[in-house]
Amino acid sequence: MKWKKYTLTTTTAAEDLVSATLDDIGIEGVMIEDNVPLTEEETKGMFIDILPELPPDEGVSRISFYLDDDENADAMLQKAKEALAELAQFTDLGACTIEESETEDKDWINNWKQYFKPFTVDNILIKPTWEPVPEEHKDKLMIQIDPGTAFGTGLHETTQLCIRQLEKYIRGGEQILDVGTGSGILGIAALKLGAGYVFGTDLDENAIDAVAENLASNDIAGDKFDVLQGNLLSGGPDNQTEEETRAVQEKVGFEKYDVVTANILAPVIIGLVPEIPQHLKKGGVFITSGIINTKEEDVVAAFQAEPSLKIVEINHQGEWVNVTAVKE
């Protein structure tokens, strides 16, 4: 199927009005592109670690929408033009020009799979479920992952940094807490390396199904890895209350984990530093990554300010950093 793409150039001030006008005539989905910088509140709420570098905001916005080429796209476009002309009598729409292009309908849900190939982290082979085991890696410890559309593949440097730390600190039978578990790759790696049990938390409810599917792909019993949708910290993008947070903390449990992993973002890790010690056993290990090198000093300072944690390792891979600490 082919789709016609129409892009309207207007003003940032008119974005909401134009979007609502298009919705009123039956164009239900639009894409907005502008150079309006994120506010401090938006940045905080989204846990954004690396802000996009945008050119100066000149008040110009590009609003795109798609129409099915098999239907009467021309009639709908004319309807849109008439609605915009009426709106222009009451508000400044800027240039109000419309560009037309054409795009093929693709299987966006599965197209990404062509880029996910087997790879290794030391003696561990990580591969998607649909790829065969490469002959040269048949002797390696294998982890099969299907991240779906919501989570990462494990190829990122931060995941590899955490897996290498798990290799170093797991001896057998450990209780693991995986904060921000996602596809479950770190927890599954821990179990494959000999850990006894994993408890994962994530803000995204899709993590529950993703972990269950990946456990089955790796022939791991479901009772080895439990997942809870929830946040160990109050606030954040889920606006979790203090009462809800306390309930999550109690379900996670206190002073019961040998290893805690958190491959998230620097601001979240900084918030977790004073929280995690109460969940760790004495001598337990807190493995963190997701830290861009420009945030390393901030994260290290947070660890140094927590008297119950002692940094034992700081590792780098590309632009990314791992900080590992032990509970004293």
Find out whether [X] and [Y] are in side-chain contact, i.e. whether some heavy atom of one side chain is under 4.5 Å from a heavy atom of the other.
X    : Y    : answer
Y257 : V252 : yes
I264 : L272 : yes
E306 : P277 : yes
Q144 : P128 : no

Determine, for [X] against [Y], whether the closest basic-nitrogen to carboxylate-oxygen distance falls under 4.0 angstrom.
X    : Y    : value
R246 : E242 : no
E131 : K117 : yes
E313 : K168 : yes

Backbone N/O of [Y] and side chain of [X]: donor-acceptor pair under 3.5 Å:
X    : Y    : answer
N322 : L161 : no
E297 : T294 : no
D23  : S19  : no
E244 : T241 : yes
N231 : L233 : yes
Q229 : L203 : yes
S289 : N263 : no
D146 : T129 : no

Just to verify, what does [X] make a side chain to side chain contact (heavy atoms under 4.5 Å, CB included) with, not counting sequence neighbours?
X    : answer
V36  : T12, D34, D57
E255 : K327
T21  : A83, L87
A302 : I270, V273

Residues forming a ring pair (Phe, Tyr, Trp, His ring centres under 6.0 Å) with [X], sequence neighbours excluded:
X    : value
H279 : F254
Y66  : none
F199 : none

Practice task
Considering only Ile, Leu, Val, Met, Phe, Trp and Tyr, and joining two whenever side-chain heavy atoms are under 4.5 Å apart, list the other residues clustered with M142.
Solution key: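 L125, V133, which link up through side-chain heavy atoms under 4.5 Å apart, make up the rest of the cluster.
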What is the minimum heavy-atom distance between [X] and [Y], and which atoms define it?
X    : Y    : value
C96  : L84  : SG-CB, 4.4 Å
L186 : C162 : CD2-CB, 3.7 Å
L309 : A325 : CB-CB, 4.3 Å

Handout entry: Pair H316, E296: side-chain N/O donor-acceptor within cut-off below 3.5 Å
Key =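 Yes - a donor-acceptor pair under 3.5 Å links their side chains.
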Practice task
Any pair with a residue in residues 166-197 that passes ring pair (Phe, Tyr, Trp, His ring centres under 6.0 Å), sequence neighbours left out, goes on the list, sorted by first then second residue, please.
Solution key: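 Ring pair (Phe, Tyr, Trp, His ring centres under 6.0 Å) check on residues 166-197 returns no pairs.
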Run the salt bridge (charged side-chain N to carboxylate O under 4.0 Å, His left out) test against [X] and tell me which residues pass, sequence neighbours left out.
X    : value
E167 : none
K138 : E135
K281 : D258

Handout entry: ILVMFWY cluster, F65 and V60 together (side-chain gap under 4.5 Å)
Key =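 Cluster IDs for F65 and V60 differ.
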Problem - same_hphob_cluster(W130, I145) at 4.5 Å side-chain heavy-atom cutoff - result: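 They do share one cluster, since a chain of ILVMFWY contacts under 4.5 Å joins W130 to I145.
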